[in-house]
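Below is one structure; the comments refer to it alone.
For the numbers below, each heavy atom of this structure counts, side chains included, while hydrogens, waters and symmetry mates do not. By convention in this document, chain letters (A, B, ...) are assigned in the order of the sequence lines, proteins followed by strands, and residues within each chain are numbered from 1.
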There are 2 protein chains.
Amino acid sequence: MDQLTEAADKLKLLGDKTRLTILCLLKDREWCVCELVEVLSISQPGISQHMRKLKSHGIVNESRRGQWVYYSLNVQDKPYIHAVLDYMPGTAGTLSLLNRQEPGRICE
Amino acid sequence: MDQLTEAADKLKLLGDKTRLTILCLLKDREWCVCELVEVLSISQPGISQHMRKLKSHGIVNESRRGQWVYYSLNVQDKPYIHAVLDYMPGTAGTLSLLNRQEPGRICE
DNA sequence: CTACAATATAATCATATGCTTATACTATTA
DNA sequence: TAATAGTATAAGCATATGATTATATTGTAG
C-alpha cells in the first residue's frame, strides 16, 4: 500500500469525533474500556469496536490486566498523527469539552 | 460546534485518498480542475465535488480566471492540517506515486 | 463450580460517502 | 449568436460506516 493510501486510512480514523475524543483522552494516561464507556455517550460494544480499529492500525496499544483492558497511545513512530494530537486538548480539556468529570477509578 | 467536532470534520476530509492526494498536489502550486482530472483516475464531477467539500471547510481557496477555476491550499490558519501536509509528499512526489507526469498546462 | 463483571464478537440497521452519468451553467471564441 | 470548453449541480447507486442489541468469551471471586 502506498504512502498516501496508508496515510489516508490512518487519518480517516482521526476523522470520527468519538475516536478523536478517545485519542485525546489517551494523551495523558491509559484508559480502560469501562472508563471510556462511562465518559462517552456510546455503548460498550461501540467502544470496543473503535478500539479494535485503532489497534489494528497500530495507533493504540492494548494491555490486559485482570479483567480490564487498558489502551494507550502508540504514536511515537507516526509523526503526522502525533502532530495532530499535539494540537488537541489533553485529558482534562477533553473531559471539560464533554462536560464530564474524571471517571471514578473503578478498575484496580 | 466544539473544537473536537470541528477538528474531526476537517480530518475526515484528509481521510480520503483522493482528497489527500489533491491536497498534496496543491502543496507547491495551484491546480485547475481539468489538470486534476487529467492526473487522477476520477471523473470531472468527482473532482468538483471533492473541491466543494474542501472549499466549504475553508481548506482550499477558489480562484476563477477565464473559464478555469484554480484551487490553492488555505491552511495557514489550520495548524494541525498544515502539520499533516508537512509530512506528505509535494507535487512531484505525489505525481510519482501516481505514476503520472506533470499535466500539460492546457489552461492559460 | 457458579455467579458475576469486563470485554469482544456477531448480526442488524440507518445513514453517510464516493463514484458515476446526465444535465445545467459560464465563459470564450468564431 | 452559436458552438465549444471548463466547471458545477442533480440524481442514482453500491459500499462503507457508526451505532445498537444480543450473545459469546474471559477473568475474578465466592
Go through the steps to decide whether T91(B) and E102(B) satisfy the test side chain to side chain contact (heavy atoms under 4.5 Å, CB included), and finish with yes or no. CA-CA 9 Å; T91(B) 303; E102(B) 281 269 351; 3.6 Å; yes
Point-to-point distance, once rounded to the nearest 0.5 Å, from CD1 of I59(A) to CD1 of I81(A): 4.0 Å
Any side-chain N or O of S43(A) less than 4.0 Å from the OP1 or OP2 oxygen of dT20(D)? yes
Ignoring hydrogens and angles, are the base of dA8(D) and the side chain of Q44(B) linked by a donor-acceptor pair under 3.5 Å? yes
Report the nucleotide, chosen from dT9(D), dG18(C), dT21(D), that has the shortest atom-to-atom distance to any side-chain atom of R52(B). dT9(D)
Does R64(A) or V69(B) map to a spot on DNA chain D nearer the 5' end, using the closest nucleotide for each? V69(B)
Protein-nucleotide distance (W68(A), atom CH2; dC4(C), atom P), rounded to Å: 17 Å
What is the distance from OH of Y70(A) to C1' of dA8(C), rounded to the nearest Å? 17 Å
Rounded to whole angstroms, how far apart are CD on E38(A) and C1' on dT7(C)? 16 Å
Worked check of side chain to side chain contact (heavy atoms under 4.5 Å, CB included) between V60(B) and L23(B): CA-CA 8 Å; V60(B) 300; L23(B) 294 175; 4.0 Å; yes
Nearest listed nucleotide, side chain of H50(B), among dT9(D), dG6(D), dG18(C): dG18(C)
On DNA chain D, check which nucleotide each of K12(B) and Q67(B) is closest to and give me the residue with the more 5' one. Q67(B)
Selection from dT20(D), dT7(D), dG18(D) that lies nearest to any side-chain heavy atom of R19(A): dG18(D)
Can you find a heavy atom in the side chain of E35(B) that is under 4.5 Å from one in the side chain of V39(B)? no
Heavy-atom count around Q101(A) CD within 6.0 Å, excluding the residue itself: above 12? no
Taking atom P of dG18(C) as reference, at what distance in whole Å does atom CG of L36(B) sit? 16 Å
Calculate, to the nearest 0.5 Å, the distance between atoms CD and CH2 belonging to E38(B) and W31(B) respectively. 8.5 Å
With a 4.0 Å cut-off on heavy atoms, is G46(A) in touch with a base, just the backbone sugar-phosphate, or nothing at all? base
With heavy atoms under 4.0 Å as the rule, sort K55(B) into base, sugar-phosphate or nothing. nothing
Take atom CZ of R65(B) and atom P of dT28(C), then tell me their distance rounded to the nearest Å. 12 Å
Would you say a side-chain N or O of T18(A) is under 4.0 Å from OP1 or OP2 of dA19(D)? yes
Quick check on dA8(D): is either OP1 or OP2 less than 4.0 Å from any side-chain nitrogen or oxygen of Y71(B)? yes
The side chain of K53(B) lies closest to which of these nucleotides: dG6(D), dA8(C), dT17(C)? dT17(C)
Considering only dG18(D), dT7(C), dT9(D), which nucleotide approaches the side chain of P45(B) most closely? dT9(D)
Nearest-Å distance for atom pair NZ/P, residues K17(A) and dA16(C): 16 Å
From C-beta outward on I42(B), which listed nucleotide comes closest to its side chain: dA5(C), dA8(D), dT20(C)? dT20(C)
Base of dT20(C), side chain of Q49(B) - is there a donor-acceptor contact under 3.5 Å? yes
Starting from C1' on dA6(C), measure out to CD on E62(A) and report it in whole angstrom. 13 Å
From CG of D16(A) over to P of dA16(D), roughly how many Å is that when rounded to an integer? 17 Å
